[in-house]
Number of protein chains: 2
Amino acid sequence: MARPKSFDPDVALHQAMNVFWRNGYVGTPMPQLTKAMGIHPGNLYTNFGNKENLFFRSLLLYQKGQRIRMVNHIKNSTDDPLTCIKSLIQNIVLQAKEDSDCKGCFTVNTFLEINHHTDRVKEKVVSYFSEMKTTFLNLILQAQKYGQISVYREADGLTAMIVNALVGIHVMLRHPQTVDQSELMLSELLENLR
Amino acid sequence: MARPKSFDPDVALHQAMNVFWRNGYVGTPMPQLTKAMGIHPGNLYTNFGNKENLFFRSLLLYQKGQRIRMVNHIKNSTDDPLTCIKSLIQNIVLQAKEDSDCKGCFTVNTFLEINHHTDRVKEKVVSYFSEMKTTFLNLILQAQKYGQISVYREADGLTAMIVNALVGIHVMLRHPQTVDQSELMLSELLENLR
DNA sequence: TTGTTTGTTGAACGAATGTTCATAAAAGCA
DNA sequence: TGCTTTTATGAACATTCGTTCAACAAACAA
């Protein structure tokens, strides 16, 4: 009945995500996106709406990937809660460190551009962090139940510390020259969990 | 002999700094700068070169202000080293919290735009962090000498933790909805210093 | 084959970008 | 009052921005 698409929209979106992740929303011109996605402007607009919509979907794709990554890590972990927390943190940092583009965390990057974003983007950024907080909070409460973390230590504060530290590390990992500081920070963070 | 300037270059630079601080380099168009500085394009270029140069000078101005702020705080402090560290951290965070524009830290913001900056800007960003690290490291070593922080605690790691936490807090403070998390983080950080 | 439907192309649009430049204006000195 | 020097103005520049659209292409149904 109709002509089939000559490209995979999922693949194209993935390419767009990587460009936005690396250069941000304001810093990414449309021609760079069409080039990376391998499609022409007109085709981009019929498939993805406009730049804001493409960015929004890129952010959703990134967050979905991270969510799955975290959930899987916890689900597949046969370790005790504390070890799971530590390995999860290491897993997140390792992912960022292995990225030769030093893109950091897409959500953190977007957060720093906050003034240029629409409300729905802002919302997704904020909800991502509260989601992350909830994940770590549950693990910490579990670790306290297991007696691995003192119950006299406030779980809320500890959660904030972990999430905050991860944000800081993701910032530092954007430049090769400050990678060593994030390394130090990571080991300090892991040792402080008890 | 010649016509005097009709505006104060220092004041104009200060205005430019605030715009860049709030919206970033890529996110700030030239007309917004001329408007904020109260001068016309031609005048801007004869006085400040081009956009990159204006940004560079804005960053230098910001860093100079922060440097003075920190040095003065330490110099005027009559407290013991540990109290000085804590009050310095509180001072830095308070400054950011009092900013109704939620601009965060200019240097951190610039860091997240790193791909769009010239080498000399990158250099200033990196050196700012190592400077900050040195400042805190010296204070920590002093506190260890005073017996306020255990000598068995690695000063390097502690320093990285503080700087990293401050970076994270500055990110979180850019959006009103995540301010509470940075509050929790701050108290957690201050309590962990011993 | 023809008709219908959907996908692809890339030239073109108006608006905005960073920057320049010819002209006018203001000050002190002759 | 000229004359010289520095500054101020804002129109104009080429380029790039995000976006649109008319023309063309490919698939299937009839």
Side-chain angles (χ1 to χ4, degrees), chain A residues 1-59 109-110 113-121, chain B residues 1-59 109-110 113-121:
Chain A
M1 189 109 120
R3 180 177 176 178
K5 281 190 201 301
S6 63
F7 71 100
D8 186 339
D10 289 339
V11 173
L13 183 60
H14 200 87
Q15 314 276 37
M17 179 191 77
N18 275 307
V19 178
F20 277 134
W21 187 354
R22 189 177 138 78
N23 294 330
Y25 178 71
V26 191
T28 305
M30 225 53 194
Q32 196 177 342
L33 288 166
T34 55
K35 193 184 168 194
M37 298 167 82
I39 59 175
H40 293 255
N43 213 359
L44 191 155
Y45 276 81
T46 52
N47 277 280
F48 299 100
N50 58 7
K51 192 185 178 186
E52 192 274 338
N53 199 60
L54 182 60
F55 181 87
F56 185 65
R57 291 188 55 184
S58 297
L59 183 63
N109 298 355
T110 306
E113 284 192 311
I114 202 90
N115 288 326
H116 301 286
H117 287 291
T118 53
D119 283 345
R120 62 174 185 165
V121 169
Chain B
M1 189 108 125
R3 181 175 175 178
K5 281 189 200 299
S6 63
F7 71 100
D8 185 337
D10 289 338
V11 172
L13 183 60
H14 200 88
Q15 316 275 37
M17 179 191 76
N18 276 308
V19 178
F20 276 134
W21 187 354
R22 190 177 137 78
N23 295 330
Y25 178 71
V26 190
T28 305
M30 227 52 196
Q32 194 178 342
L33 288 166
T34 54
K35 193 184 167 194
M37 298 168 83
I39 59 175
H40 293 255
N43 212 1
L44 190 155
Y45 276 79
T46 52
N47 277 281
F48 298 99
N50 57 8
K51 192 185 177 187
E52 192 274 338
N53 200 59
L54 182 59
F55 182 88
F56 185 65
R57 290 188 57 184
S58 297
L59 183 64
N109 299 355
T110 306
E113 284 191 311
I114 201 91
N115 288 326
H116 301 286
H117 286 290
T118 53
D119 284 345
R120 62 174 184 165
V121 169

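We name chains A, B, ... by the order of the sequence lines, and we start the count at 1 in each one.
- Along DNA chain C, the nucleotide closest to Pro31(B) and the one closest to Pro4(B) are compared, and the more 5′ of them pairs with Pro31(B).
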Short N/O separations, protein against nucleotides 20-22 of chain C, under 3.5 angstrom:
none

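- Leu33(B) has its CG atom 8 Å from the P atom of dG18(C), to the nearest Å.
- Among dT8(C), dG10(D), dT7(D), the nucleotide with an atom closest to any side-chain atom of Lys5(B) is dT7(D).
- Atom P of nucleotide dT20(D) and atom CG of Asn50(A) are separated by 8 Å, given to the nearest angstrom.
- Legend: salt bridge (charged side-chain N to carboxylate O under 4.0 Å, His left out) pairs involving residues 8-37 of chain A, not counting sequence neighbours: none detected.
- Using a 4.0 Å cut-off, some side-chain N or O of Ser6(A) falls inside it from OP1 or OP2 of dT8(C).
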Could you go through residues 39-49 of chain A and list every donor-acceptor pair under 3.5 Å that involves a side-chain atom there, pairing it with any protein atom two or more places apart or in another chain?
residue	atom	partner	partner atom	Å
Asn43(A)	OD1	Asn47(A)	ND2	2.9
Thr46(A)	OG1	Gly42(A)	O	3.3
Thr46(A)	OG1	Asn43(A)	O	3.0
Asn47(A)	OD1	Lys5(A)	NZ	2.9
Asn47(A)	ND2	Asn43(A)	O	2.9

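- For Phe55(B), the ring-ring contact (aromatic ring centres under 6.0 Å, His included) test picks out Phe20(B), Tyr25(B), Phe106(B), His117(B), with sequence neighbours left out.
- When rounded to the nearest whole Å, the span between NE2 of His40(B) and P of dA11(D) equals 10 Å.
- Between Lys51(A) atom NZ and dC17(D) atom P there is a gap of 9 Å when expressed in whole angstrom units.
- In the set dT8(C), dA8(D), dG18(D), the nucleotide with an atom closest to the side chain of Arg3(B) is dA8(D).
- Between the P atom of dG18(C) and the CG atom of Asn47(B) lies a distance of 18 Å, rounded to the nearest Å.
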With 3.5 Å as the limit, what N/O pairs link the protein to nucleotides 1-4 of chain C?
none

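- Under the salt bridge (charged side-chain N to carboxylate O under 4.0 Å, His left out) criterion, the residue pairs touching residues 47-57 of chain B are Glu52(B)-Arg120(B), with sequence neighbours excluded.
- Within 6.0 Å of NE2 on His116(B) lie more than 12 heavy atoms contributed by other residues, nucleotides or ligands.
- Side-chain atoms of Glu113(A) come within 3.5 Å of backbone atoms of Val26(A) as a donor-acceptor pair (strictly under, hydrogens ignored).
- Distance from the side chain of Ala2(A) is smallest for dT6(C) among the nucleotides dT6(C), dT8(C), dT19(C).
- Backbone-only engagement by Thr28(B) is indicated by non-hydrogen atom pairs under 4.0 Å involving sugar-phosphate atoms exclusively.
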